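Below: one structure, written as structure tokens.
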Amino acid sequence: MLEFQTPSSVTRAYLARESGAAYQVSIWVPDGQVPEGGWPVVYVLDANAMFGSFVEAIQRSGRRPDATGIGMAAVVGIAHGSERLFATEHRYRDYTFESSPLVESAQAGGGAEFLSFIVDQLAPELSLEFSFNTERQSLFGHSLAGYFVLNALATRPAAFCHYAAISPSVWWQPAALAERLSALSQNATGKIRGVLVAVGEWEGAPAPWLTAEDGLAPEALTTLIARRAERQMIVQASSTADILRPVLGERLSYRCFPEEDHSSIVMIAIQRTLRLIFS
């Protein structure tokens with residue numbers, strides 16, 4: 001394990017014991033006295049794109065919990081060990097639990113091993129070192145990482161108390177996910193305090209600014225429309241929430257955010273996730 005430090009965070013290189021895969025893990029802990037029971041902690045996937053945004057959101061909003069509903073929490077970001085924001089081939093490997101008829105990937109299906117790395121290797125080690133509250137661990141993922149979050153909820157429901165699946169790529173394998181989630185029981189989900197499933201209004205069709213008149217090539221627009229029609233992001237997210245609602249009840253929050261697209265939803269979702277953690 002290699003370690004790199006900045007004034008406000010520490011970044012380490014890890015190897016997963018089970019799979020041998022390499023990860024870059026960034027840890028940020030708030031200043032001040034550790035609260036009773038330890039710091040709440042949110043584990044954030046695709047950390048090269050998300051870690052800094054989470055830390056900044058907590059630094060801004062956590063100063064005024066009376067106004068924001070958000071307190072102070074630690075952030076652990078997990079990235080795939082390169083400078084790319086999104087390492088596509090590794091995301092296919094780690095965020096999926098089986099292959100998809102819509103994507104060709106020889107590496108797909110390593111989600112169980114990746115989840116084991118987080119839950120059984122990384123989290124216990126960091127909780128001891130940084131005084132994290134193991135009863136207040138949360139997991140956040142967007143897009144294909146959101147699909148992973150839903151599968152983590154289905155297969156290891158007691159691992160986290162909050163799950164945030166933002167614009168989840170349910171299209172990857174909706175039948176397999178539905179089967180796993182349908183098998184959940186109220187007893188198995190007893191430790192879960194809240195689940196957020198969210199999608200943007202403009203994920204079902206191109207947003208108003210994505211037009212040929214605004215410079216988008218006609219063939220690119222046609223491809224985008226076809227892909228979104230095939231993937232049915234809003235329908236799939238809503239259907240997933242419907243499966244979870246009988247088991248989770250009021251602990252489930254489903255949101256279709258107006259005027260947001262697959263990318264723009266992230267900043268709103270970060271704030272809503274943090275508010276969920278402290279609700």
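Hydrogens, waters and symmetry mates play no part in the numbers below; they use all other heavy atoms, side chains included. If you're wondering where the values come from, they're calculated on a predicted model, not measured in any experiment. Along the sequence shown, residues are numbered consecutively beginning with 1.
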request  = With rounding to the nearest 0.5 Å, note down the distance linking OG in S61 to CE in M72.
outcome  = 9.0 Å
query = Are V34 and V76 in one and the same hydrophobic cluster, where Ile, Leu, Val, Met, Phe, Trp and Tyr link if side-chain heavy atoms are under 4.5 Å apart?
reply = yes
ask   = Roughly how far apart are R93 CZ and S105 OG, rounded to 0.5 Å?
value = 10.0 Å
note = Between A159 and Q137, the two heavy atoms sitting closest are O-NE2, 3.1 Å
Nearest-0.5 Å distance that lies between atom CG in L150 and atom CG in L139 = 10.0 Å
message = So which atom in A176 and which in E98 form the shortest heavy-atom distance, rounded to 0.1 Å?
response = CB-OE1, 3.5 Å
task = Taking R251 for its side chain and T189 for its backbone only, find out whether a donor-acceptor pair lies under 3.5 Å.
result = yes
ask   = Can you check whether Y95 and H80 have ring centres sitting under 6.0 Å from each other?
value = yes
remark   = ring-ring contact (aromatic ring centres under 6.0 Å, His included) test vs F114 passes for just one of Y14, Y43, Y23, F97, namely Y23
task = Show the numbers, then the answer: is there a side-chain contact (heavy atoms from CB on, under 4.5 Å) between N48 and Q24?
result = CA-CA 9 Å; N48 286 347; Q24 181 174 287; 3.7 Å; yes
ask   = With side chains defined as the heavy atoms from C-beta onward, is the minimum distance between I265 and H142 less than 4.5 Å?
value = yes
request  = Please step through side-chain contact (heavy atoms from CB on, under 4.5 Å) for the pair V29 and F132, ending with a clear verdict.
outcome  = CA-CA 9 Å; V29 182; F132 294 161; 4.0 Å; yes
ask   = So which of V195, L184, N187 actually passes side chain to side chain contact (heavy atoms under 4.5 Å, CB included) with P157?
value = L184
key: Nearest atoms (heavy-atom pairs only) where P168 meets A198   = CD-O, 3.6 Å
inquiry  = I'd like to know if the side chain of S167 reaches the main chain of V199, judged simply by a donor and an acceptor atom lying under 3.5 Å from each other, with no hydrogens or angles considered.
reply    = no
ask   = Under 4.5 Å between any side-chain heavy atoms of V103 and W172, yes or no?
value = yes
message = If you define the side chain from C-beta out and look only at heavy atoms, does anything of V149 sit under 4.5 Å from F140?
response = no
request  = Report, as yes or no, whether the 6.0 Å neighbourhood of atom CD on E89 holds more than 12 heavy atoms from other residues, nucleotides or ligands.
outcome  = yes
task = Return yes if some donor-acceptor pair links the side-chain N/O of Q121 with the main-chain N/O of S116 below 3.5 Å, else return no.
result = no
ask   = Below 4.5 Å, heavy atoms only, C-beta onward: do F117 and S19 meet side chain to side chain?
value = no
inquiry  = For the CG atom of L181 and the CG atom of N151, what is their distance to the nearest 0.5 Å?
reply    = 7.0 Å
query = Are any side-chain N or O atoms of S239 and backbone N or O atoms of V235, one a donor and one an acceptor, separated by less than 3.5 Å?
reply = yes
request  = Mind running side-chain contact (heavy atoms from CB on, under 4.5 Å) on W28 and F51 for me, showing each step along the way?
outcome  = CA-CA 9 Å; W28 178 83; F51 177 74; 3.8 Å; yes
ask   = Are D120 and R17 close enough for a salt bridge, meaning some N to O gap below 4.0 Å?
value = no
task = Would you confirm whether S279, through its side chain, and L276, through its main-chain N or O, come within 3.5 Å as a donor-acceptor pair?
result = yes
ask   = Under the side-chain contact (heavy atoms from CB on, under 4.5 Å) test, which residues partner A73, sequence neighbours left out?
value = P40, I58, F278
remark   = For A158 and Y163 the tightest heavy-atom approach is N-OH, 4.2 Å
note = Here the gap from T155 atom OG1 to L115 atom CG, rounded to the nearest 0.5 Å, amounts to 5.0 Å
query = In this structure, are over 12 heavy atoms from other groups packed under 6.0 Å from E259 atom CD?
reply = no
query = Under 3.5 Å, is there a donor-acceptor pair between the side chain of R228 and the main chain of W202?
reply = yes
Any S53 side-chain heavy atom under 4.5 Å of M267 side chain = yes
request  = Report yes if the side chains of Y147 and Q173 come closer than 4.5 Å at any heavy-atom pair, otherwise no.
outcome  = yes
task = Mark yes or no for whether D261, through its side chain, and S263, through its backbone, hold a donor-acceptor pair below 3.5 Å.
result = no
task = Determine yes or no for a side-chain-to-main-chain donor-acceptor pair under 3.5 angstrom, with W171 supplying the side chain and S100 the backbone.
result = no
query = Heavy atoms, side chains only, cut-off 4.5 Å: are L126 and V41 in contact?
reply = no
note = Heavy-atom closest pair (I277 atom, R136 atom, distance to 0.1 Å) is O-NH2, 3.4 Å
ask   = Looking at CD1 of I27 and CG of L122, how far apart are the two atoms once the value is rounded to the nearest 0.5 Å?
value = 7.5 Å
inquiry  = If the threshold is 4.0 Å, N to carboxylate O, is there a salt bridge linking E260 and R255?
reply    = no
query = Can you get from I234 to L102 by hopping between Ile, Leu, Val, Met, Phe, Trp and Tyr side chains that sit under 4.5 Å apart?
reply = yes
task = Would you check if the side chain of H162 reaches a backbone N or O of L196 as a donor-acceptor pair within less than 3.5 Å?
result = no
inquiry  = With a 3.5 Å distance limit and no angle check, can you tell me whether Q236 reaches the backbone of S169 through a side-chain donor-acceptor pair?
reply    = no
key: Closest contact, heavy atoms only, A145 versus D46   = CB-OD2, 3.6 Å
